[in-house]
Amino acid sequence: MCGIIGYIGASKAIPIVYSGLASLEYRGYDSAGIAYFLNDDIKVIKEKGKLINLKEKLNFDTDTFLAIGHTRWATHGEASITNAHPHSVGKFTVVHNGIIENYSTLKEELKMRGYTFKSETDTEVIPALLDYYYKDEQDILKTINKVSKKLIGSFALGIICRDDANAIYALKNSSPLIIAKSKTGNFLASDVPAILKYTNKYILLDDGDMAKITKDTITIYDTNLNTVNKETLTFTGSKKTAEKNGYEHFMLKEINEQDKVFKDTIGSYFDGTINSLEKNFGFLKNFKKINIVACGSAYHTGVIAKHLIEEYANILVYTEVASEYRYQKNFYDEDTLVILVSQSGETADTLAALRKAKNDGIKTLAIVNVLGSSVARESDYCIYTKAGIEVSVATTKAYLSQLTVFSLITMYLGYINKVIKKDELESIFKDIKKMPKLIKEEINNYQEYYNIADKISKNKQIFFIGRGLDYANSLEGSLKLKEISYINSVAYQAGELKHGTISLIEASTPVIAIATNKDLVDKTISNIKETKARGAFVIYESFIEPVDKFYDEFIKIPEVHPILESILTIIPLQLLAYKVAKNNNCDIDKPRNLAKSVTVE
Ligand code: G6P
């Protein structure tokens with residue numbers, strides 16, 4: 001959600017900043033802009049819509065060696081050229097990721113001081129404040145420091161000032177911001193993919209940090225303007241993780257990486273022995289209750305984990321979406337562990353839920369993909385998922401890696417709580433070994449799911465049904481489909497359908513029914529038959545071969561232990577959603593209105 005990039009160095013800046021913006025496209029945006037120094041003045045070029053529109057207005061050959069760029073996901077004011085960043089007032093030009101919560105008050109104050117505003121954005125108050133305080137301070141750093149204390153909300157800022165053609169300034173609070181040094185120049189960026197072409201070394205700024213970046217130097221300051229040293233981190237993944245590698249879409253590439261992601265995630269915490277689980281998950285013993293809090297697909301892994309941990313480890317689990325959890329009354333105590341699940345580790349609601357729990361003295365565990373992200377850093381414990389960089393807005397491999405971590409957690413807690421006995425544990429170990437091959441086989445089986453997709457692509461609505469764990473699986477199957485294909489899709493508890501929703505089933509309405517729970521399969525089949533009797537086009541997903549043919553299509557998946565089964569359940573549904581979206585010519589990697597990293601409330 002909004003991407004920032006800044007470059008200063010020996011190379012021409014516009015192509016570098018433009019390609020940085022292209023690698024941040026995945027965050028979601030609807031307008032973009034660049035500001036650069038030319039002949040001691042700042043030029044700003046902005047455009048609505050995709051980056052390609054901006055490209056047409058840019059001259060890549062311009063003799064400028066300092067530029068900042070921005071992709072904007074509209075919050076305050078429509079997607080338009082005027083509302084697009086960078087925003088300039090007086091001598092200052094800024095790009096901003098986040099939300100200034102007190103912008104209306106600040107705007108009124110600034111209006112009284114004679115400022116006028118062109119845009120509807122919250123951001124425009126920032127250059128206006130900088131301009132106002134600079135008149136007295138006449139020192140850029142001191143001015144930024146002063147302004148930082150006036151702003152309430154989240155902000156990652158790239159700032160340039162007409163009086164200093166040799167530096168980009170940065171300020172961070174709540175929204176992510178990294179700084180990087182390369183052989184040809186220095187950077188600031190919202191995320192690692194933007195700099196990977198030039199360097200894999202970067203520094204994470206902390207809240208309150210300011211930075212001055214010149215061609216040769218990077219200086220970081222704390223809130224008292226004292227210089228601070230920060231650890232330089234190294235991105236260890238392949239540069240190729242941020243490229244399509246011949247696949248038509250990032251989503252397809254990421255689906256295809258899932259066997260490796262499973263192996264990498266398992267391999268980081270489990271070496272085939274219970275000792276390795278004890279070493280990595282031993283701290284879980286201290287808790288009697290678990291709350292899982294997350295958003296979107298990450299929340300769905302929490303719903304699955306609730307079923308698994310309650311069933312196999314006898315521990316009470318409460319799962320809630322973060323935007324609700326952060327404002328509701330929470331019945332937690334010192335025996336409760338709050339688990340935050342997040343790919344980005346920067347989701348505003350998840351971060352707020354974490355801070356709430358911490359504030360109440362409750363212990364927290366982060367299950368996060370992005371190294372050093374805010375949720376990872378602020379939690380008491382952290383388990384990294386090993387999905388690598390995920391670019392497609394619709395998550396696939398990160399979701400699978402979160403499920404993988406929950407499988408390990410369930411296995412460990414189940415064993416120490418004596419629900420999973422030694423024999424069962426050993427059979428799970430065997431299944432874990434088989435999983436990469438089974439995942440690969442499913443992926444290679446894509447044509448079968450594509451054929452089914454071709455039969456439902458023109459429908460206006462598609463239902464997913466299941467009971468228990470299969471309902472939890474349905475939630476993600478349904479979200480994957482609707483977010484990228486724009487076909488209305490609802491996940492329903494199979495037994496609940498008859499209490500209202502069944503009235504929506506008519507001739508040829510697709511119903512995707514998941515049945516992997518042996519104890520409940522007959523009940524689910526009865527519910528499927530109820531839809532079939534009303535003309536539904538039934539797609540049945542299971543490893544349980546039915547005796548009678550009550551379905552139109554059968555997605556047969558391999559059978560493994562239930563704590564691993566959800567991983568094999570989702571892959572056909574990811575590929576099905578992908579093909580439906582492709583058939584409907586949708587923008588698969590960047591679905592309309594969505595952002596990958598949702599850093600606003
Ligand atoms: C957005 C994305 C989803 C993601 C959710 C949570 O809505 O589009 O794919 O599941 O945020 O993101 P997180 O980074 O916290 O996992």
Side-chain angles (χ1 to χ4, degrees), residues 1-3 24-29 73 75 97 154 174-176 190-193 250-251 254-255 261 292-305 319-326 338-355 364-379 382-385 387-406 472 475-486 570 573-574 577-578 581 586-601:
M1 188 171 266
C2 298
L24 293 172
E25 270 190 298
Y26 74 93
R27 296 170 69 85
Y29 73 105
W73 189 84
T75 56
N97 173 18
S154 54
S174 276
S175 299
S190 297
D191 204 352
V192 177
F250 277 108
M251 182 179 178
E254 288 160 3
I255 290 173
V261 167
I292 303 175
V293 188
C295 305
S297 298
Y299 162 74
H300 295 158
T301 70
V303 183
I304 290 171
T319 301
E320 182 58 279
V321 291
S323 53
E324 293 294 317
Y325 193 83
R326 62 184 290 188
V338 176
I339 303 182
L340 297 308
V341 192
S342 176
Q343 187 287 124
S344 63
E346 300 294 348
T347 304
D349 286 320
T350 309
L351 193 55
L354 159 70
R355 288 177 178 162
T364 52
L365 160 67
I367 298 178
V368 164
N369 196 40
V370 176
L371 185 74
S373 53
S374 303
V375 173
R377 282 191 287 172
E378 292 186 30
S379 294
C382 177
I383 298 171
Y384 281 111
T385 51
I389 292 176
E390 189 177 63
V391 176
S392 168
V393 167
T395 178
T396 51
K397 62 174 182 169
Y399 172 84
L400 182 135
S401 68
Q402 291 159 356
L403 286 184
T404 307
V405 167
F406 275 127
L475 289 170
E476 178 62 7
S478 169
L479 179 62
K480 247 357 47 159
L481 182 78
K482 70 185 144 214
E483 67 183 338
I484 60 168
S485 75
Y486 315 144
I570 195 60
L573 303 180
Q574 294 170 340
Y578 173 79
C586 298
D587 190 354
I588 294 181
D589 286 332
K590 295 178 290 277
R592 70 178 175 217
N593 306 337
L594 294 183
K596 177 117 194 106
S597 177
V598 183
T599 49
V600 298
E601 232 189 279

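Computation of the quantities below employed the complete heavy-atom set of this structure, encompassing side-chain atoms and omitting hydrogens, waters and symmetry-equivalent molecules. Just so you know, ligand 1 is whichever comes first in the structure, and atom 1 is the first atom listed for that ligand.
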Please report which non-hydrogen protein atom sits nearest to [atom], along with the residue it belongs to and the distance in Å to one decimal place.
atom: atom 6 (C) of ligand 1; answer: C295 O, 3.4 Å
atom: atom 12 (O) of ligand 1; answer: T347 OG1, 3.4 Å
atom: atom 16 (O) of ligand 1; answer: Q343 N, 2.7 Å
atom: atom 9 (O) of ligand 1; answer: V393 O, 3.3 Å
atom: atom 7 (O) of ligand 1; answer: V598 CG2, 3.9 Å

Return yes if some donor-acceptor pair links the side-chain N/O of [X] with the main-chain N/O of [Y] below 3.5 Å, else return no.
X: D349; Y: A322; result: no
X: E346; Y: S175; result: no
X: W73; Y: G3; result: no
X: T319; Y: G302; result: yes

TODO: Output yes when the distance from some N or O of ligand 1 to some N or O of E483 is under 3.5 Å, and no in every other case.
DONE: no
- [ ] Please say whether S297 places an N or O atom under 3.5 Å from an N or O atom belonging to ligand 1.
- [x] yes
Under 4.5 Å between any side-chain heavy atoms of [X] and [Y], yes or no?
X: D191; Y: L24; value: yes
X: R27; Y: N97; value: yes
X: M251; Y: I484; value: yes

Ligand 1 contact on [X] by region, counting heavy-atom pairs under 4.0 Å:
X: L594; result: neither
X: A595; result: backbone
X: K596; result: backbone

- [ ] Using a strict cut-off of 4.0 Å, indicate which atoms of ligand 1 neighbour a heavy atom of S342.
- [x] 13 (P), 14 (O), 15 (O), 16 (O)
- [ ] Could you walk me through whether Q574 and Y578 pass the side chain to side chain donor-acceptor pair (under 3.5 Å) test, one step at a time?
- [x] CA-CA 6 Å; Q574 294 170 340; Y578 173 79; over 6 Å; no
